[in-house]
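A short write-up of the structure that comes next.
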Amino acid sequence: MSTLEIKDLHVSIETEQGVKPILKGVSLTINTGETHAIMGPNGSGKSTLASTIAGHPRYTVDSGSITLDGEDVLAMTVDQRARAGLFLAMQYPVEIPGVTMTNFLRTAKTAIDGEAPKLRTWTKDVKAAMAQLRIEPEFAERNVNEGFSGGEKKRHEILQLELLRPKFAVLDETDSGLDVDALKVVAEGVNRAIDAGGLGTMLITHYTRILRYIKPDFVHVFVDGNIAEQGGPELADRLEDEGYDRFLTVAPATA
């Protein structure tokens, strides 16, 4: 079992008005095989947490720690974090002109594993994963995300997840912009990744609809840069009924 541990994390960002604190003492532990849903209103710090774990240079860690099996994640470069087993599915996947999906995926797999995958096996795995995600075969030779629809970009993110097989996946609003059919396909891909290797999952979302297809073990509610409440799947059901209003009328406290 592997463990991703976040302790008393404080993160800020530089703005035109000066330094703005965003995360204000977040503590969270995720083990492989667990799925944690991170929910909360806009501006509560959910995506900041995802970007900080991945190593986005825009965010400054003022104090606290992130460790992966005891190793200091904050001391790692972005590529070192990926090789250590961290994966981020971005809220807004970027286009990479001039780099085909085929080349991107094989290069990423080689960098993470330290050796190139066997071509025959790799080609078979890629084709099978694409078919399950309903990605047309010709997309393999298209440039990464270039001209893709929002749903196609999200499915490509999950294709990476299934093929790269990280220890922990941070899915930043993977459900945003997806219709019901696309949401089901993406959720099925995430569930396959979880079932295949005991993936630890941090699922960031505003809404409960994706939790109908990806069942969380734990639910954490973010408000004003901290965890206001946490519990099991029943907390998501309560949020579905009540929304976030009750958290916005009182000062948040870590549960």
Side-chain angles (χ1 to χ4, degrees), residues 1-9 23 26-39 46-56 64-91 105 108-115 117 125 128-129 132-133 154 157-175 186-205 210-222 227 230-236 255:
M1 181 181 74
S2 290
T3 301
L4 178 65
E5 188 170 16
I6 301 163
K7 284 187 177 180
D8 195 23
L9 189 66
L23 300 184
V26 173
S27 294
L28 179 64
T29 300
I30 302 178
N31 297 308
T32 46
E34 295 177 352
T35 298
H36 292 244
I38 309 294
M39 305 186 70
K46 304 183 302 298
S47 291
T48 294
L49 177 61
S51 296
T52 302
I53 292 170
H56 196 299
S65 64
I66 303 175
T67 58
L68 175 55
D69 294 334
E71 297 293 323
D72 185 3
V73 170
L74 297 177
M76 300 177 186
T77 60
V78 173
D79 60 301
Q80 287 171 339
R81 297 180 197 209
R83 285 197 292 270
L86 296 176
F87 175 89
L88 171 65
M90 293 182 286
Q91 184 176 352
L105 290 167
K109 184 68 170 176
T110 300
I112 289 171
D113 291 354
E115 61 180 6
D125 290 346
Q132 288 179 312
L133 288 165
K154 295 298 177 75
E157 294 280 283
I158 304 307
L159 177 65
Q160 295 173 49
L161 172 64
E162 289 202 68
L163 293 171
L164 300 181
R165 298 185 179 180
K167 294 177 182 177
F168 293 94
V170 180
L171 309 179
D172 189 9
E173 297 194 32
T174 297
D175 54 336
V186 164
E188 288 168 0
V190 174
N191 286 329
R192 282 193 300 272
I194 292 171
D195 294 340
L199 178 72
T201 308
M202 180 186 292
L203 180 60
I204 297 171
T205 183
I210 194 171
L211 304 184
R212 299 169 192 163
Y213 307 107
I214 303 172
K215 300 299 183 183
D217 300 297
F218 305 94
V219 176
H220 312 268
V221 182
F222 263 51
I227 297 174
Q230 49 195 357
E234 70 283 350
L235 179 54

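Everything numeric in this text was worked out from a predicted model, so none of it was measured.
- In this structure the side chain of M202 reaches within 4.5 angstrom of the side chain of I6, judged on heavy atoms.
- K215 NZ to D217 CG: the interatomic distance, rounded to the nearest 0.5 Å, is 12.0 Å.
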Item to complete: Given side-chain contact (heavy atoms from CB on, under 4.5 Å), test I204 with F222 step by step and report yes or no.
Response: CA-CA 10 Å; I204 297 171; F222 263 51; over 6 Å; no

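- Within the structure, the salt bridge (charged side-chain N to carboxylate O under 4.0 Å, His left out) test picks out the following pairs touching residues 66-76 (sequence neighbours left out): D69-K167.
- The two atoms that bring L88 and A50 nearest to each other are CD1-CB, 4.0 Å, heavy atoms only.
- The side-chain heavy atoms of E34 and F218, taken from C-beta on, include a pair separated by under 4.5 Å.
- In plain terms, the two heavy atoms of P166 and G85 that are nearest each other are CB-O, 3.4 Å.
- Within the 4.5 Å cutoff, no side-chain heavy atoms of F87 are placed close to those of V170.
- Between the R81 side chain and the M76 main chain, a donor and an acceptor come within less than 3.5 Å of each other.
- Residues L171 and I210 are not in side-chain contact: their nearest non-hydrogen atoms beyond the backbone lie 4.5 Å or more apart.
- Contacts of S51 classified as side-chain contact (heavy atoms from CB on, under 4.5 Å), with partners at least two apart in sequence or in another chain: H56, Y59.
- When all heavy atoms are compared, the tightest approach of H36 to T29 is CE1-O, 3.3 Å.
- No side-chain N or O of S27 forms a donor-acceptor pair with one of D8 less than 3.5 Å apart.
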Worksheet item: side-chain contact (heavy atoms from CB on, under 4.5 Å) between E157 and T174: does it pass, once the steps are laid out?
Response: CA-CA 9 Å; E157 294 280 283; T174 297; over 6 Å; no

Worksheet item: I38 and H220: side-chain contact (heavy atoms from CB on, under 4.5 Å), yes or no, with the steps?
Response: CA-CA 5 Å; I38 309 294; H220 312 268; 3.8 Å; yes

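- Residues Q132 and E188 are not in side-chain contact: their nearest non-hydrogen atoms beyond the backbone lie 4.5 Å or more apart.
- For A37 against L211, the heavy-atom pair with the smallest separation is CB-CD2, 4.0 Å.
- How far CG of L203 is from CD1 of I214: 5.0 Å, rounded to the nearest 0.5 Å.
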Worksheet item: Run the side-chain contact (heavy atoms from CB on, under 4.5 Å) check on V219 and M39 step by step: do they pass?
Response: CA-CA 7 Å; V219 176; M39 305 186 70; 4.0 Å; yes

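- Two residues are said to be in side-chain contact when any heavy atoms from C-beta on lie closer than 4.5 Å; R192 and L133 meet this criterion.
- With values rounded to the nearest 0.5 angstrom, L68 atom CG is found 11.0 Å from I30 atom CD1.
- Residue T48 comes nearest to L23 through the heavy atom pair CG2-CG, 3.9 Å, listed as atom of the first residue, atom of the second, then distance.
- Across all non-hydrogen atoms, the minimal contact from S2 to F168 is O-CZ, 3.4 Å.
- The distance from atom CG of L4 to atom OG1 of T32, rounded to the nearest 0.5 Å, is 10.5 Å.
- Between T110 and P117 there is a side-chain heavy-atom pair separated by less than 4.5 Å.
- In the displayed structure, E234 atom CD is contacted under 6.0 Å by more than 12 heavy atoms of other residues, nucleotides or ligands.
- Annotation: the span from I66 atom CD1 to L49 atom CG amounts to 7.0 Å, rounded to 0.5 Å.
- S47 is listed as a side-chain neighbour of E173, based on a closest heavy-atom distance under 4.5 Å.
- Rounding to the nearest 0.5 Å places CD of Q80 at 11.5 Å from CG of L86.
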